[in-house]
Amino acid sequence: MKITIETSRVVKPTYANGNVPSTNNHVRLSVFDKVTYSTHIAVIYAFNPPTPSNIAIEKGLSKVLSEYREWAGRLGEDKEGNLVVFLNDQGVRFVEATSDSKLRNVLPSKPTKEIQSLHPSLYGIEELVQVQLTRFACGSLVVGFTAHHQVADGHATSNFLVAWGLATRDLSVDPIPLRTRDTLFKPRDLPLIQYDHRKIEYANNKYTKHMTISDNESNEEEIVIHKVHFTNEFINKLRAKASIGLSKPYSRFEITLAHLWRVITKARGLHGHEMTQIRISVNGRMRLNPKVPNEYFGNLVLWAFPRSKVRDLINRPLRYAAELIRAEVAKVNDTYFKSFIDFASSDIISKEGLISTAVMDESILSPDLEVDSWLTFPFYDLDFGTGSPYYFMPTYFATEGMLFLLPSYLGDGSIDAIVPLFNDNLDTFKMCCYNLD
């Protein structure tokens, strides 16, 4: 895939009626911003022709940044050493690129190293958002989008993307983002820390694994990114079988993840006495009491960690794995979130030198898994004026055991799973992945 970069510039917010706010303010990161991944995340969108002009998309971006000012700012520290976003309107990176190829001839069906040329680099950058528009000879458009995770989680970022489409179409941004991250999550007057957050969201840095660049590169050669498509019919069969007698059947997410957990564990050939767990993101918006509005802009995610011995996971029915997932996710409730707020707002983290366990510098997660579920994000609602994307996917990320669950572009309830595996485990995975047992 040969991509030619034509232009690269900074796009800054445009304010209606000349109402330009101060650029000397900043907003502190919340406890949820600080505990999450300190990295850029990239996604790729593909649009069929006809598509809007680059000028129109850039204009829409400039307009929507006036409502989402954090994206146009910069991360840093205030005078007290607090992590903040400076609302300085320094702007986002906007890249225009072209290709002489027809998109259907070069766009892979799953993340590969080649698609990294469709978005700006994720490393060594100061901008909090980057956009690359790549025009292909057939008239198709690929939008590569990167965003710094500490500014917003997937839910908030997808709301921004939908708003960008609205602004490009000269429609009002609705709903307006709720930008209260520095005031919304205050500790209680009488803090009540009820869980061992030192060993869940945080850890002593001397026990945290760090892979060197050479380690990552050597492991990457042994890892293959596999994509598996689960039809709605297959998912419903799994649900029906595992949910017999239950008043609340297992969800599409619960059953698909339970199935993948078992299949990947079988494919890895782990010993029966080993423990395996999954790191699952849990959105706190509907779990906190009172509920936090969906338009809240920032991070509001903690994690559940269902665990099992390998022999139990493999030998017991699918329902066993699904119930583990359901039970552990249910524990990350209002009480848990408020306990974390009290813990993370104290001086324990700084005094004990704790660091977040949300890291992305490991190339092997076995015997564990981590899942990013994008099943509820409105990615297909991004419309610049000529229709929704016909395809989207995460960028290439060769971490063994890092799963992505995506709603299929077919729009029929089917699910696409991106599964990075060791090449030696792939054949066994393929043999088991459509087995209903």
Side-chain angles (χ1 to χ4, degrees), residues 7-30 33 40-43 45 51-76 84-97 119-122 125-133 141 143-182 293-299 377-379 381-385 389:
T7 67
S8 177
R9 57 186 177 277
V10 169
V11 172
K12 298 185 177 183
T14 297
Y15 296 95
N17 304 317
N19 297 322
V20 180
S22 170
T23 55
N24 296 319
N25 297 327
H26 63 262
V27 58
R28 288 187 182 183
L29 297 189
S30 76
D33 299 326
H40 269 253
I41 304 296
V43 292
Y45 295 84
T51 57
S53 67
N54 289 5
I55 293 174
I57 296 173
E58 179 183 1
K59 182 180 177 182
L61 178 61
S62 181
K63 288 169 62 176
V64 78
L65 287 174
S66 68
E67 299 289 355
Y68 289 85
R69 290 192 66 202
E70 287 85 348
W71 285 137
R74 297 292 184 266
L75 284 172
V84 302
V85 178
F86 292 104
L87 303 178
N88 51 25
D89 288 354
Q90 289 190 10
V92 306
R93 178 63 51 184
F94 188 83
V95 178
E96 295 176 291
H119 64 75
S121 172
L122 305 182
I125 54 174
E126 62 176 14
E127 293 91 352
L128 302 180
V129 155
Q130 301 179 107
V131 172
Q132 181 174 319
L133 306 184
L141 168 68
V143 178
F145 176 84
T146 88
H148 200 291
H149 205 320
Q150 283 193 305
V151 178
D153 57 22
H155 180 94
T157 301
S158 61
N159 283 346
F160 166 78
L161 290 164
V162 173
W164 178 16
L166 293 172
T168 302
R169 288 144 57 196
D170 286 325
L171 300 175
S172 299
V173 174
D174 183 30
I176 298 295
L178 179 64
R179 298 168 55 229
T180 55
R181 74 178 72 215
D182 55 342
N294 278 330
E295 56 266 30
Y296 170 73
F297 181 66
N299 287 280
F377 296 161
F379 286 117
D381 291 343
L382 174 58
D383 181 358
F384 294 118

Roughly how far, to the nearest 0.5 Å, is OG1 of Thr146 from NE2 of His119? 8.0 Å

Between CG of Asp381 and CG of Leu166, what distance do you get to the nearest 0.5 Å? 9.5 Å

Centroid-centroid under 6.0 Å between Phe145 and Tyr45 rings: no

Provide the closest heavy-atom pair for Glu295 versus Asn159 in the form atom of the first, atom of the second, distance. CA-ND2, 4.2 Å

May I ask you to decide if Lys12's main-chain N or O and Ser62's side chain share a donor-acceptor pair within less than 3.5 Å? yes

To the nearest 0.5 Å, what is the distance between OH (Tyr68) and CG (Leu61)? 12.5 Å

Please determine if Arg28 and Asp33 form a salt bridge, counting it only when a charged side-chain N lies under 4.0 Å from a carboxylate O. no

Do Glu67 and Phe297 have side chains that approach each other closer than 4.5 Å (heavy atoms only, starting at C-beta)? no

Would you give the length of the straight line joining atom CD1 of Ile125 to atom CZ of Arg93, rounded to the nearest 0.5 angstrom? 9.5 Å

Do Asn299 side-chain atoms and His149 backbone N/O form a donor-acceptor pair below 3.5 Å? yes

What is the minimum heavy-atom distance between Thr157 and Ala147, and which atoms define it? CG2-CB, 4.5 Å

Determine whether Lys59 and Thr168 make a side-chain contact, defined as any pair of heavy atoms from C-beta on separated by less than 4.5 Å. no

On a heavy-atom basis, the closest approach of Arg181 and Ser30 is O-CB, 3.5 Å

Does the side chain of Val85 come within less than 4.5 Å of His148's, by heavy atoms? no

Taking the side chain as every heavy atom from C-beta outward, state whether Phe160 and Pro177 have any atom pair closer than 4.5 Å. no

Please give me the minimum heavy-atom distance between Gln132 and Ala97, naming the atom from each residue. NE2-CB, 3.9 Å

In terms of heavy-atom contacts, Ala167 and Lys63 come closest through O-NZ, 3.3 Å

For Arg74 and Gly91, indicate whether the former's side chain and the latter's backbone hold a donor-acceptor pair under 3.5 Å. yes

If I take atom CD from residue Gln130 and atom CZ from residue Phe94, how far apart are they, to the nearest 0.5 angstrom? 12.5 Å

Does Glu96 reach the side chain of Arg9, with side-chain heavy atoms less than 4.5 Å apart? yes

Check for a donor-acceptor pair, side chain of Trp164 on one end and backbone N or O of Ile57 on the other, with a separation under 3.5 Å. yes

Those residues that, when tested against Phe86, pass side-chain contact (heavy atoms from CB on, under 4.5 Å) (two or more places apart): His26, Val84, Asn88

Can you see which heavy atom on His155 is nearest to which on Asn294, and at what distance? NE2-O, 3.0 Å

Min side-chain heavy-atom separation Leu133-Val143 under 4.5 Å: yes

Could you tell me which residues satisfy side-chain contact (heavy atoms from CB on, under 4.5 Å) with Ser172, sequence neighbours excluded, listed by chain and number? none

Does the side chain of Leu128 come within less than 4.5 Å of Glu70's, by heavy atoms? no

Check the pair Val129, Val151 against side-chain contact (heavy atoms from CB on, under 4.5 Å), reporting the backbone distance first and the verdict last. CA-CA 10 Å; Val129 155; Val151 178; over 6 Å; no

In Å, rounded to the nearest 0.5 Å, how long is the span from CZ of Phe384 to CG of Leu141? 7.5 Å

